[in-house]
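Below, all heavy atoms of this structure are taken into account, side chains as well, without hydrogens, waters or symmetry copies. Quick caveat: nothing in here was measured; it's all calculated off a predicted structure. A, B, ... follow the sequence lines: proteins, then strands. Residue 1 opens every chain.
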2 protein chains.
Amino acid sequence: MEKSDTAIQKIKQRIYKAGYKLTPQREDILKVILEKEHLSAEEIYLQVKAINSGIGLATVYRTLELLGELNIINKLAFQDGISRYDINNNDQQHQHHYLLCLNCGKIDEVEQDMLTDVENEIEKNYHFKIKDHRLTFHGLCNKCRKESEDLNKG
Amino acid sequence: MEKSDTAIQKIKQRIYKAGYKLTPQREDILKVILEKEHLSAEEIYLQVKAINSGIGLATVYRTLELLGELNIINKLAFQDGISRYDINNNDQQHQHHYLLCLNCGKIDEVEQDMLTDVENEIEKNYHFKIKDHRLTFHGLCNKCRKESEDLNKG
DNA sequence: CTTGGTGCAAACGTTTTGCAGTATC
DNA sequence: GATACTGCAAAACGTTTGCACCAAG
């Protein structure tokens, strides 16, 4: 039994509770999303195609839309115009944060929230009722930072 | 003398210093961007067309790309797939933050940084060298928050 | 047999590009 | 007259939609 099976069973319940079905296509898409984070629709499509060669890109998009509506996945918009997708673990109301490496393009995640103080400040000063946030840091990941330091030394 | 004139003069210097020219089209585009924030390329195009009817959409895009490279404007990606543009005042290295109202779509700005502590924490824990950040809060603006409260009362 | 789901292809909206023509030094 | 810049139209890109077909209750 794979580790993703229990996750899929839980998701299956949520999908059925909402009145939809977990078709084989949708299950394949979920498996790919559970396996690797921050994939684009096209990347998910290609990976699913390796398992189920008959799938269509439209099905991927429609499934991603459905899963997004049910809050099972998050749709991420970085600045390249391509949407990426993320499993939304444990129903957390606030999205976690991203570390985007400007050099190699790697996307890491910060699980902690860390914004509680900032949000309180903003709610107080701007009379804005915060529901969620998107926070991405742009910079250099550990590997690229080291490489650029070595370059400056040598 | 309009208030945007001095701003445009400063920008002109930066453009020429980088080896480019401030053509009439580029100046018209800058005026529109200085006048109103968060416009999309299409909106900028239409507004410039009102002044200079001969302008082409491609010129708008090419100018926006140029101004982005020179750090004169920021390209903003919210989740609707349309890029919006922002003057990058006083060469600040860190972008300020956005308050996006889920009800009326209004975009407000938070000028303060407020993330210094969070950034120090992340640099320490994740060995990630932060260069910039994007932070958007999703929620209800003052007006929409009041309206929704009134609705719940009445 | 009705409903939801699928694949394909066409359409869509935003952005980019090729190219011939224009403006500026 | 070389170079950067422009407008137009076409292309490219990610995404959505219309439609005929399929699957499951």
Side-chain angles (χ1 to χ4, degrees), chain A residues 11-12 14-30 32-33 38-70 72-86 105, chain B residues 11-12 14-33 38-70 72-86:
Chain A
I11 291 168
K12 187 173 183 174
R14 291 171 66 183
I15 291 175
Y16 274 82
K17 205 172 283 178
Y20 302 102
K21 291 173 198 158
L22 184 63
T23 63
Q25 289 89 334
R26 288 175 181 174
E27 190 166 345
D28 290 341
I29 291 165
L30 271 168
V32 169
I33 296 173
H38 317 127
L39 292 176
S40 67
E42 184 82 26
E43 287 166 340
I44 293 168
Y45 169 62
L46 291 173
Q47 295 225 25
V48 173
K49 239 190 166 177
I51 319 171
N52 172 354
S53 63
I55 199 161
L57 184 54
T59 300
V60 174
Y61 275 104
R62 283 189 279 234
T63 299
L64 293 171
E65 194 191 350
L66 174 67
L67 296 175
E69 273 169 23
L70 300 182
I72 293 166
I73 61 173
N74 294 315
K75 185 175 182 179
L76 313 174
F78 299 110
Q79 13 301 309
D80 59 1
I82 302 171
S83 294
R84 280 156 224 284
Y85 301 86
D86 225 15
Chain B
I11 291 168
K12 187 172 183 174
R14 291 171 65 183
I15 291 175
Y16 274 83
K17 206 173 280 179
Y20 302 102
K21 290 172 199 156
L22 184 64
T23 63
Q25 289 91 334
R26 289 175 181 173
E27 190 166 345
D28 290 341
I29 290 166
L30 270 168
K31 275 180 192 157
V32 168
I33 295 174
H38 319 127
L39 292 176
S40 67
E42 185 81 25
E43 288 166 341
I44 294 167
Y45 168 63
L46 291 173
Q47 295 225 24
V48 173
K49 242 190 161 174
I51 318 170
N52 172 354
S53 62
I55 197 159
L57 184 54
T59 300
V60 174
Y61 275 104
R62 283 188 279 235
T63 300
L64 293 171
E65 193 191 350
L66 174 68
L67 296 175
E69 273 168 24
L70 299 182
I72 292 166
I73 61 174
N74 295 316
K75 185 175 180 177
L76 312 175
F78 297 111
Q79 17 299 313
D80 60 0
I82 304 171
S83 294
R84 280 155 223 285
Y85 301 85
D86 225 16

Given DNA chain C, 5'-ward residue of the pair G56(A) and K21(B), judged by closest heavy atom: G56(A)
Return the 5'-most residue of the pair R62(A), A41(A) with respect to DNA chain D, ranking by each residue's nearest nucleotide. A41(A)
By nearest heavy atom, map Y61(A) and P24(B) onto DNA chain D; which one lands nearer the 5' end?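 Counting from the 5' end, the first nearest nucleotide belongs to P24(B).
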What is the distance, to the nearest angstrom, from the [atom1] atom on [X] to the [atom2] atom on [N]?
{"X": "K49(A)", "N": "dG7(C)", "atom1": "NZ", "atom2": "C1'", "answer": "11 Å"}
{"X": "E43(A)", "N": "dT15(D)", "atom1": "CD", "atom2": "P", "answer": "11 Å"}
{"X": "L64(B)", "N": "dT6(D)", "atom1": "CG", "atom2": "P", "answer": "12 Å"}
{"X": "I15(B)", "N": "dC5(D)", "atom1": "CD1", "atom2": "C1'", "answer": "13 Å"}
{"X": "Q79(A)", "N": "dC13(D)", "atom1": "CD", "atom2": "C1'", "answer": "18 Å"}
{"X": "Y16(B)", "N": "dC5(D)", "atom1": "OH", "atom2": "P", "answer": "9 Å"}
{"X": "L39(B)", "N": "dT14(C)", "atom1": "CG", "atom2": "P", "answer": "14 Å"}
{"X": "Y85(B)", "N": "dT14(C)", "atom1": "OH", "atom2": "P", "answer": "12 Å"}

Starting the side chain at C-beta, find the nucleotide from [options] nearest to [X].
{"X": "L57(A)", "options": "dT15(D), dG7(C), dC5(D)", "value": "dT15(D)"}
{"X": "I55(A)", "options": "dG7(C), dG5(C), dC5(D)", "value": "dG7(C)"}
{"X": "T23(A)", "options": "dG5(C), dG7(C), dT15(D)", "value": "dG5(C)"}

Give S83(A) one of three labels, base, sugar-phosphate or nothing, depending on what nucleic acid heavy atoms sit under 4.0 Å from its own. sugar-phosphate
Which part of the nucleic acid, if any, lies within contact of Q25(B), taking any heavy atom under 4.0 Å across all strands shown: a base, the sugar-phosphate backbone alone, or nothing?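 Sugar-phosphate only.
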In Å and rounded to the nearest 0.5 Å, what is the CG to CD1 distance from L22(B) to I15(B)?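 Spacing of CG (L22(B)) from CD1 (I15(B)) equals 5.0 Å.
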Tell me, with the steps shown, if Y45(A) and K49(A) meet side-chain hydrogen bond (donor to acceptor under 3.5 Å, both in side chains). CA-CA 6 Å; Y45(A) 169 62; K49(A) 239 190 166 177; 3.1 Å; yes
Would one find a side-chain N or O of T59(A) under 4.0 angstrom from OP1 or OP2 of dG7(C)? yes
Quick one, I44(A) with T63(A), criterion side-chain contact (heavy atoms from CB on, under 4.5 Å). Give me CA distance, side-chain angles, the key distance, then yes/no. CA-CA 11 Å; I44(A) 293 168; T63(A) 299; over 6 Å; no
For L76(A) and H38(A): C-alpha separation, side-chain torsions, deciding distance, then whether side-chain contact (heavy atoms from CB on, under 4.5 Å) applies. CA-CA 8 Å; L76(A) 313 174; H38(A) 317 127; 3.7 Å; yes
Could you check whether any side-chain heavy atom of D86(A) comes within less than 4.5 Å of a side-chain heavy atom of I33(A), counting everything from C-beta outward? no
